[in-house]
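Owing to the predicted nature of the structure, the values given are computational and were not obtained by experimental measurement.
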Amino acid sequence: MQRLIIFFLVSFAIALVTAPLFIRLLKKLKAGQSILHYVDFHEKKSGTPTMGGIIFILPLFVLAPFFFRFDNIFTLVILISTLGYALLGFFDDFIKIRTKNNMGLRAYQKIIGQGGIAILVAIFYWFVNPEGRILVPFFNVWWDIGFFIIPLVVIILIATTNSVNLTDGLDGLAGSVSMFYLMFLGMFIFFVSNLETIPEADNFTLISMITMGGLMAYLVFNTNKASIFMGDTGSLYLGGIIATLSIFSFMGLFILFLGIMFVVSALSDIIQVIYFKKTGGKRVFLMAPYHHHLEKKGFSEAKIVVIYSIVTVIMGTMLLLTFFS
């Protein structure tokens, strides 16, 4: 426990110290975020520095040499795959900054990048887990789904990275929900690893705590009114780290419940698009994803962040209690 706390505090300190430097550098480089035309009520945020995900990504890779060994193959796959998602997001952010609009990579280019990483991770995971073992939340029973673990892992990775990306629409929202997700995931890994063997569980818990520390420092600068946005660099990285840590801990299905607010973001967006096309322009929500609907209803950004965080904490607590029932 002492080791976890030390890594958490060091990560927090690294991010807290480097954040103002990154903000100053990004402002100097004019790396400002362009706002989508249909989110006109966020127009005042235009020009806020983006790519802030670097702030909470940096501590993990600075601290990795202190806990990583080259025989930690699972940890290595997690680090490489999440770095891949971060780089994909970086390219997207770079194009947005370069072209001065919010289009970035085309949708098919993102899916190819996300899918390519997901497929490689899924194939590796099947080789090391050929029985396709996965823990079912709430019931705490194990399912062996064999080869079908490959498409499941691909779906989890693509869905999670896109869902976190969609949730990153308000100051502090994606960062807060991700931080609480990782807090509970770290606890789940600890409890499950005491009952079943999770390879490199200590490293997984450390990665959760280090990312949490970086996120907490980042949120100092990202809560409303934000001084910096995480950009796709940060949101795709968070989706990648959440998904891979959950998958390699046999808890990929936990994302449906612990990550319920990510699910809400994705489903609300899908429902809105399908209904809009089927009805010739009618809408289910005032605006999608759902957090923008709440904004249109008059909720402040800070209140929405609190609601999303509370729901995540409640769901995490409910899941945690099942370990003691």
For this session: Indicate yes or no: at least one non-hydrogen side-chain atom of Arg3 is less than 4.5 angstrom from one of Phe67.
Result: yes
Seminar exercise, completed: So OH of Tyr218 and CZ of Phe229: to nearest 0.5 Å the spacing works out to 8.0 Å
Exercise. Looking only at atom types and distance, does a side-chain atom of Asp232 sit under 3.5 Å from a main-chain N or O of Asp92, one as donor and one as acceptor?
Worked result: no
For this session: Please report the closest heavy-atom contact between Leu26 and Pro49, naming both atoms and the distance.
Result: CB-CB, 3.9 Å
Exercise. Between Asn72 (side chain) and Arg69 (backbone), is there a donor-acceptor pair under 3.5 Å?
Worked result: yes
For this session: Keeping the roles fixed (side chain from Ser268, backbone from Ser265), state whether a donor-acceptor pair exists under 3.5 Å.
Result: yes
For this session: Quick one: pull up CD in Gln114 and CG in Leu157 and give me the separation to the nearest 0.5 Å.
Result: 9.5 Å
For this session: Evaluate the side-chain proximity of Met251 to Ile189: yes if any heavy-atom separation is below 4.5 Å, no if none is.
Result: yes
For this session: Could you tell me whether a side-chain N or O of Asn140 sits under 3.5 Å from a main-chain N or O of Thr322, the two making a donor and an acceptor?
Result: yes
Exercise. Does any non-hydrogen side-chain atom of Phe276 lie less than 4.5 Å from one of Arg283?
Worked result: yes
For this session: Test Tyr181 against Leu238 for side-chain contact (heavy atoms from CB on, under 4.5 Å), laying out the working first.
Result: CA-CA 10 Å; Tyr181 185 103; Leu238 285 177; over 6 Å; no
Exercise. At what distance, to the nearest 0.5 angstrom, does CG of Leu152 lie from CD1 of Ile145?
Worked result: 5.0 Å
For this session: Say whether, by atom type as modelled, one donor and one acceptor occur between the side chain of Asn165 and the main chain of Leu236 under 3.5 angstrom.
Result: no
For this session: Sequence neighbours left out, what pairs pass ring pair (Phe, Tyr, Trp, His ring centres under 6.0 Å) with at least one residue falling in residues 76-108?
Result: none
Problem set entry | Thr161 to Gly239 - nearest heavy-atom pair and separation | CG2-C, 3.6 Å
Problem set entry | Heavy-atom side-chain proximity of Leu320 to Phe191 below 4.5 angstrom | yes
For this session: Verify side-chain contact (heavy atoms from CB on, under 4.5 Å) between Val10 and Ile210, making sure each step is shown before the conclusion.
Result: CA-CA 8 Å; Val10 173; Ile210 290 168; over 6 Å; no
Exercise. If Ile, Leu, Val, Met, Phe, Trp and Tyr residues are connected whenever their side-chain heavy atoms lie under 4.5 Å apart, and connections chain through other members, are Val128 and Ile73 in the same group?
Worked result: yes
Problem set entry | Atom pair CD (Gln2) and CD1 (Ile5), whose distance is rounded to the nearest 0.5 Å | 7.5 Å
For this session: Step by step, work out the side-chain contact (heavy atoms from CB on, under 4.5 Å) result for Phe66 and Leu63.
Result: CA-CA 6 Å; Phe66 295 96; Leu63 294 174; 4.3 Å; yes
Exercise. Do the rings of Phe56 and Tyr237 sit parallel, tilted or perpendicular, given the 30° and 60° boundaries?
Worked result: tilted
Problem set entry | Check: Asp144 main-chain N/O paired with Glu131 side-chain donor or acceptor under 3.5 Å | no
Problem set entry | Interatomic spacing from CD1 in Ile247 to CD1 in Ile156 - rounded to 0.5 Å | 5.0 Å
Problem set entry | Under 3.5 Å: donor-acceptor pair, side chain of Gln272, backbone of Asp269 | no
Exercise. Which atoms form the tightest heavy-atom contact between Leu286 and His293, and what is the distance?
Worked result: N-ND1, 2.9 Å
For this session: Show your reasoning for whether side-chain contact (heavy atoms from CB on, under 4.5 Å) applies to Met216 and Phe12.
Result: CA-CA 7 Å; Met216 190 173 288; Phe12 177 82; 3.9 Å; yes
For this session: Spell out, as yes or no, whether a donor-acceptor pair under 3.5 Å connects the side chain of Ser176 to the backbone of Leu173.
Result: no
Seminar exercise, completed: Correct closest heavy-atom pair for Ser246 and Leu185 would be OG-CD2, 3.7 Å
For this session: For the pair Asp171 and Lys225, find out whether any cationic side-chain nitrogen is under 4.0 Å from an anionic carboxylate oxygen.
Result: no
Exercise. Same hydrophobic cluster for Leu120 and Ile149, using side-chain heavy-atom links shorter than 4.5 Å among ILVMFWY?
Worked result: no
Problem set entry | Results of ring pair (Phe, Tyr, Trp, His ring centres under 6.0 Å) for Phe257 - residues two or more places apart only | Phe138
Problem set entry | Crowding at CZ, Phe148 (>12 non-hydrogen neighbours, <6.0 Å) | no
For this session: State which residue, out of Phe188, Phe74, Trp143, Trp142, fulfils the ring pair (Phe, Tyr, Trp, His ring centres under 6.0 Å) condition with Phe250.
Result: Trp142
Exercise. Would a hydrophobic clustering, with Ile, Leu, Val, Met, Phe, Trp and Tyr connected at side-chain separations under 4.5 Å, put Phe184 with Leu206?
Worked result: yes
Exercise. Taking only residues two or more places apart in sequence or in another chain, which ones pass ring pair (Phe, Tyr, Trp, His ring centres under 6.0 Å) with Phe127?
Worked result: none
Exercise. Run the ring-ring contact (aromatic ring centres under 6.0 Å, His included) check on Phe68 and Phe70 step by step: do they pass?
Worked result: CA-CA 7 Å; Phe68 170 75; Phe70 282 101; 5.5 Å; yes
Exercise. Is the shortest heavy-atom distance from the side chain of Ser208 to the side chain of Leu245 under 4.5 Å?
Worked result: yes
For this session: Check whether Val264 and Ile158 end up in the same hydrophobic cluster, where Ile, Leu, Val, Met, Phe, Trp and Tyr are linked by side-chain heavy atoms less than 4.5 Å apart.
Result: no
Exercise. Does the Ser178 side chain pair with the main chain of Gly175, one donor and one acceptor, at a distance under 3.5 Å?
Worked result: no
Exercise. Could you give the distance from CG (Leu215) to CD1 (Ile57), rounded to the nearest 0.5 Å?
Worked result: 9.5 Å
Exercise. If you take all heavy atoms of Thr167 and Met261, which pair is closest and at what distance?
Worked result: OG1-O, 4.1 Å
Exercise. Backbone N or O of Gly214 within a donor-acceptor pair of the Ser11 side chain at under 3.5 Å?
Worked result: yes
For this session: May I ask you to test the Glu301-Glu295 pair for a side-chain heavy-atom distance under 4.5 Å?
Result: yes
Exercise. Leu9 and Met212: same hydrophobic cluster, using ILVMFWY side-chain contacts below 4.5 Å?
Worked result: yes
Problem set entry | Flag side-chain contact, heavy atom, 4.5 Å: Leu4 against Phe8 | no
Exercise. Taking C-beta and beyond as the side chain, do Thr82 and Thr244 meet within less than 4.5 Å on heavy atoms?
Worked result: yes
Exercise. If you look at every heavy atom in His292 and Gly169, which pair is closest and at what distance?
Worked result: CE1-O, 3.7 Å
